[in-house]
Number of protein chains: 2
Amino acid sequence: MPCDHHHHCAKEAWQFAEDLCAQKGYRFTDSRRQVFDVLISSHKALTAKEVMKKINNGQPPITYRALEFLTQVGLAHHIASINAYVGCAHHHQEGHVAEFLICTNCHEVEEVDLSSQLSALMVHAKASNFKPQETYVEMTGLCGTCQDS
Amino acid sequence: MPCDHHHHCAKEAWQFAEDLCAQKGYRFTDSRRQVFDVLISSHKALTAKEVMKKINNGQPPITYRALEFLTQVGLAHHIASINAYVGCAHHHQEGHVAEFLICTNCHEVEEVDLSSQLSALMVHAKASNFKPQETYVEMTGLCGTCQDS
DNA sequence: GCTGCAATTGTTAAAAATTAACAATTGCAA
DNA sequence: TTGCAATTGTTAATTTTTAACAATTGCAGC
């Protein structure tokens, strides 16, 4: 269940983002902050276009660059199945894998940790001598709210 | 390990496709056959553009429609993480979930069944009262061959 | 065999999404 | 304070996907 007190969430998220960038020596610049703000202010996955609209029509390159940055740093996740992005301010271990539950109606996204089940996904990679880079575990469907509407 | 005797593979795949379409009452038309042929002749995931190129530069709408058809029928899978398609001629149970191991270098794709591990992915959906539609389990990385090159 | 209808295709063109290229600016270290 | 790497601003192109609609096809019912 996503937390519903965005003010609280947001504050911690910002602190987390600040710390992460500082610690890793990345510049948490204005445009990056703006995009992060848009994403983190919503639990929904937003397309690049939606992000742009929310930032007084920011130019595509700026937005795409910020999205790429945030994704690489771990402050956002790319949801490939619907080609959208969702903010994230959890600390992830190296090799962390999350499962995303994506409502196709409202695009609300719930992120759940898969660490304990990860070995089940890895076993095939291991058996095939496959060296993993990125893992996407995405489930589209209808969230509880949207099932009733 | 993908089978390496495409002739044998292909023959069975065609039979499977014919039967599937006949049984479900779908028309296995020329353009659909062409796209299926392109996909099934390769274990690699191909982008829509790559498919088009292989079909004496087929027009986009025709290719996209065929890809959509094949995906819906189950004769192809959409690999969201790299926005590409891979042919498939396995019989899938209702609610079947596969894991795709996708080489980011050569785009070879291995499909493995996740049935036995599926409950691990579903447990969170259940707990969240989330009604699943599509499940994507994709792992990008380097296949054995590409690790050495 | 015709007729009519639904499914599919062919074609043109538009819309949407992403990236290239390069000049201007910024932040910081030497 | 100079120089360099990182980042941004800007324009425009490229790539990807879809819309719209006319033409065709396959087939069921007469």
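Keep in mind it's a predicted model, so treat the numbers as computed, not measured. Reminder, nothing fancy here: chain letters follow the sequence lines and each chain counts from 1.
- Within the 4.0 Å cut-off from OP1 or OP2 of C:dT9, at least one side-chain nitrogen or oxygen of B:Ser31 is found.
- Classification of A:Glu18 and A:Arg33 as a salt-bridged pair holds, one side-chain N sitting under 4.0 Å from a carboxylate O.
- More than 12 heavy atoms of other residues, nucleotides or ligands sit less than 6.0 Å from atom NZ of A:Lys44.
- If you take CD on A:Glu108 and SG on A:Cys103, they are separated by 7.5 Å, rounding to the nearest 0.5 Å.
- The bend of the helix from C:dG1-D:dC30 to C:dA30-D:dT1, defined by the angle between the axes of its first five and last five pairs, stands at 30° to the nearest 10°.
- Between A:Cys146 and A:Thr104, the closest side-chain pair of non-hydrogen atoms is not below 4.5 Å.
- Results of the side-chain contact (heavy atoms from CB on, under 4.5 Å) test with A:Tyr85 over A:Leu46, A:Val109, A:Ile79, A:Thr71 single out A:Thr71 as the only residue that passes.
- For residues 107-143 of chain A, the set of pairs meeting the ring-ring contact (aromatic ring centres under 6.0 Å, His included) definition, not counting sequence neighbours, is empty.
- By the 4.5 Å side-chain criterion applied to Ile, Leu, Val, Met, Phe, Trp and Tyr, B:Tyr64 is assigned to a cluster that also includes B:Met52.
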Produce a footprint string for nucleotides 23-30 of chain C: one letter per nucleotide, 5' end first; B if the base is under 4.0 Å from any protein heavy atom, S if only the sugar-phosphate is, - if neither. ----S---
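- Rounding to the nearest 0.5 angstrom, the gap separating the CG atom in B:Leu101 from the CG atom in B:Leu142 is 12.0 Å.
- Considering SG of B:Cys88 and CZ of B:Phe16, their distance stands at 7.0 Å, rounded to 0.5 Å.
- Taking the six-membered ring where tryptophan is involved, the planes of B:Trp14 and B:Phe28 are tilted, since the angle between them lies from 30° to 60°.
- For B:Arg33 and C:dT8, the CZ to P distance is 14 Å, given to the nearest whole Å.
- Atom CD in B:Glu68 sits about 14 Å away from atom C1' in C:dT9, given to the nearest Å.
- A distance of 8.0 Å separates NE2 in B:His78 from CD in B:Glu138, rounded to the nearest 0.5 Å.
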Under 3.5 Å, N/O pairs linking protein and nucleotides 10-17 of chain D:
from, atom 1, to, atom 2, distance (Å)
D:dT16, OP2, B:Lys49, NZ, 3.3
D:dT17, OP1, B:Asn83, OD1, 3.4
D:dT17, OP1, B:Asn83, ND2, 2.6
D:dT17, OP2, B:Tyr64, OH, 2.5
D:dT17, O5', B:Tyr64, OH, 3.4

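- Within residues 19-26 of chain A, no residue has any heavy atom closer than 4.0 Å to DNA chain C.
- Separating the NZ atom in A:Lys11 from the CD atom in A:Gln15 is a distance of 9.5 Å, to the nearest 0.5 Å.
- The aromatic rings of A:His92 and A:His96 sit parallel, their planes meeting at an angle under 30°, below the 60° perpendicular limit.
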